[in-house]
Amino acid sequence: MSQPLGAEDCLQEPRMDYNTTDDAVTRRIRAMNERVNLLKENDLYFYNQAVEEVRGGARVLVHGREMGMYASYGYLGLLGHPRINAAARKALDKFGTGTNGVRTLAGTLPIHNELEETIANFKHTEAAITYTSGYATNLTVISTLVGRGDYVLSDKLNHASIVDGCLMSGAEFRRFKHNDMQHLETMLKGVPEGVSKMVVADSVFSMDGDIIDLPKVVELCKKYNAWLMMDEAHSVGVLGKTGTGIEEHFGLGNVIDIKMGTLSKTIPSVGGYVAADKEIIAYLRHASRAYIFSAALPPAQAAAANEAFKVILDEPWRIEQLNANTKQFIGGLKSAGFDTLLTETAIVPVICGTDEAAFAMTREGQHKDVFILPVVSPAVPEGLARLRATVTAAHEHDEIERAMNVIIAAGRKLGIIK
Ligand SMILES: Cc1ncc(COP(=O)(O)O)c(C=O)c1O
């Protein structure tokens, strides 16, 4: 048997031994497939694995093996919560599995209105609107609010859905250095007089886990008369004493114009939302294309989301547990010598360096029943490939210790830490 390839061999430029007359699309497809196949052949590919069973929020069954889950967005461990499941079942029994309509026409059910009211109350706004994914929400909301002739200023590390929304909008798209308020101010100053502008950012950055300097962003938006949109995908249920998000974290009250979030992370459902003043929501309801031209959220998913917001407020111990687990996880990995960047939240980047190192770390973890996954370039800058590990309120102290021991042993074996 030939010697298995190392991770580095699998990441070389794919062999371009196919027909030189192939067109660019064919070459692109083949190059990606070659890279994926090479990784698979060498046991370095762990994406797209089926989770066969979810056991108690923190453990999963994969390929028949029980593993600790350290790649989930379910920060408060709400997946499978009896109240949430019961609400979903009730809606399923009453309305069936879909809506057969867009919201504007035949697709609106009482549960959609109820969910939007719940979100508005949770986010302390006058109103809210929901969409069928967080990705679609950013795309449609940004491109409906700003357009040709306007400016949109976006943090360099913003999520892909924000970037795509900005590009789609046709507005002048400028990116400020990550969490760099001086640079943001320079950009705001550079917007021509009288031109509309919007600042948009993740509240907790999805790859690095750090938190935007909201007080300064708010100050600058006021000073330069800019709209402010924040993506709270990773801050709801994570930041603030009661888990309502970034404004509560900074004790700022209602300071964000457009509060975007997802129903697929802490909220164990699917979909996205915006909470804002009622005029903004009414405008989006009649102008945003993902609302008008795409089918409504299925009733069971809407009901699950609706109940989950209530559970967050009723069970504040989950946020305390998440904070304790986050502290334990970041503290343990840092003191072992890992670079975890500036994370303060449940998203913990474990920097490995090269893409190869991140793939190899993943293999070590997965072989020892720790479900971790790598994020490599171009999703993150070259040289900063990482495990994007997450911890949740469902993990127990000893489980986290065990997972950390596996990651630390792997880091030492691969020379990432001493
Ligand atoms: C910051 C951020 N915004 C938006 C999204 C998209 O949300 P969804 O997965 O619900 O479509 C994600 C998903 O990873 C995200 O991390």
Side-chain angles (χ1 to χ4, degrees), residues 47-48 51 69-76 78-79 115 119 123 128-143 145 152 154-169 175 178-179 198-212 214 217 228-239 245-246 249 256 258-275 288-291 294-298 301-302 304-306 308-309 341 343-349 373-376 378-380 386 388-390 392:
Y47 298 125
N48 299 304
V51 171
M69 170 51 94
Y70 291 86
S72 158
Y73 303 131
Y75 301 117
L76 295 182
L78 295 180
L79 197 60
L115 170 61
I119 294 170
K123 295 302 300 170
I129 183 169
T130 51
Y131 299 90
T132 44
S133 88
Y135 181 87
T137 304
N138 274 332
L139 228 61
T140 203
V141 169
I142 297 170
S143 62
L145 289 173
V152 61
S154 163
D155 187 286
K156 234 182 179 147
L157 293 194
N158 275 347
H159 189 259
S161 54
I162 297 179
V163 175
D164 293 355
C166 294
L167 289 170
M168 194 171 132
S169 73
R175 303 203 300 162
H178 176 51
N179 220 347
M198 185 165 88
V199 175
V200 55
D202 285 11
S203 42
V204 170
F205 287 88
S206 61
M207 294 295 153
D208 286 26
D210 56 340
I211 302 170
I212 191 91
L214 184 67
V217 176
L228 175 58
M229 173 167 172
M230 295 295 305
D231 178 330
E232 296 222 60
H234 302 280
S235 61
V236 162
V238 174
L239 295 186
I246 191 156
H249 174 78
I256 301 167
I258 297 123
K259 306 178 197 187
M260 178 273 167
T262 72
L263 304 174
S264 65
K265 303 194 190 308
T266 293
I267 306 296
S269 182
V270 73
Y273 66 85
V274 159
S288 57
R289 293 163 81 85
Y291 187 88
S294 187
L297 272 176
Q301 297 314 122
N306 184 50
F309 281 102
L341 302 179
T343 185
E344 295 175 62
T345 66
I347 298 171
V348 183
L373 285 170
V375 182
V376 299
V380 290
R386 64 198 66 180
R388 181 184 174 281
T390 52
T392 75

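Quick note: residue numbers are just sequence positions, from 1. As the structure lists them, so they are numbered: ligands from 1, and atoms in each ligand from 1.
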Report each N/O pair between ligand 1 and the protein that falls under 3.5 Å, naming both atoms.
residue: ligand 1; atom: 3 (N); partner: Asp231; partner atom: OD2; Å: 2.6
residue: ligand 1; atom: 10 (O); partner: Gly134; partner atom: N; Å: 3.2
residue: ligand 1; atom: 10 (O); partner: Ser264; partner atom: OG; Å: 2.7
residue: ligand 1; atom: 11 (O); partner: Gly134; partner atom: N; Å: 3.0
residue: ligand 1; atom: 11 (O); partner: Tyr135; partner atom: N; Å: 2.8
residue: ligand 1; atom: 14 (O); partner: His159; partner atom: NE2; Å: 3.4
residue: ligand 1; atom: 14 (O); partner: Lys265; partner atom: NZ; Å: 2.9
residue: ligand 1; atom: 16 (O); partner: His234; partner atom: NE2; Å: 2.6

| said: Rounded at 0.5 Å granularity, tell me how far CG in Asp231 sits from OG1 in Thr262. | reply: 7.5 Å
| task | Drop me the distance from Leu115's CG to Thr130's OG1, to the nearest 0.5 angstrom. | result |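 Here the interatomic distance stands at 5.5 Å.
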| Taking only residues two or more places apart in sequence or in another chain, which ones pass side chain to side chain contact (heavy atoms under 4.5 Å, CB included) with Thr390? | Tyr75, Ile347, Arg388
| request: Just jot down the salt bridge (Lys or Arg N to Asp or Glu O under 4.0 Å) partners of Asp202, sequence neighbours excluded, or say none. | output: none
| With sequence neighbours excluded, what pairs up with Lys265 under the salt bridge (Lys or Arg N to Asp or Glu O under 4.0 Å) test? |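 Here no residue qualifies.
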| message | So which atom in Ala295 and which in Thr132 form the shortest heavy-atom distance, rounded to 0.1 Å? | response |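 Shortest heavy-atom contact: O-CG2, 3.1 Å.
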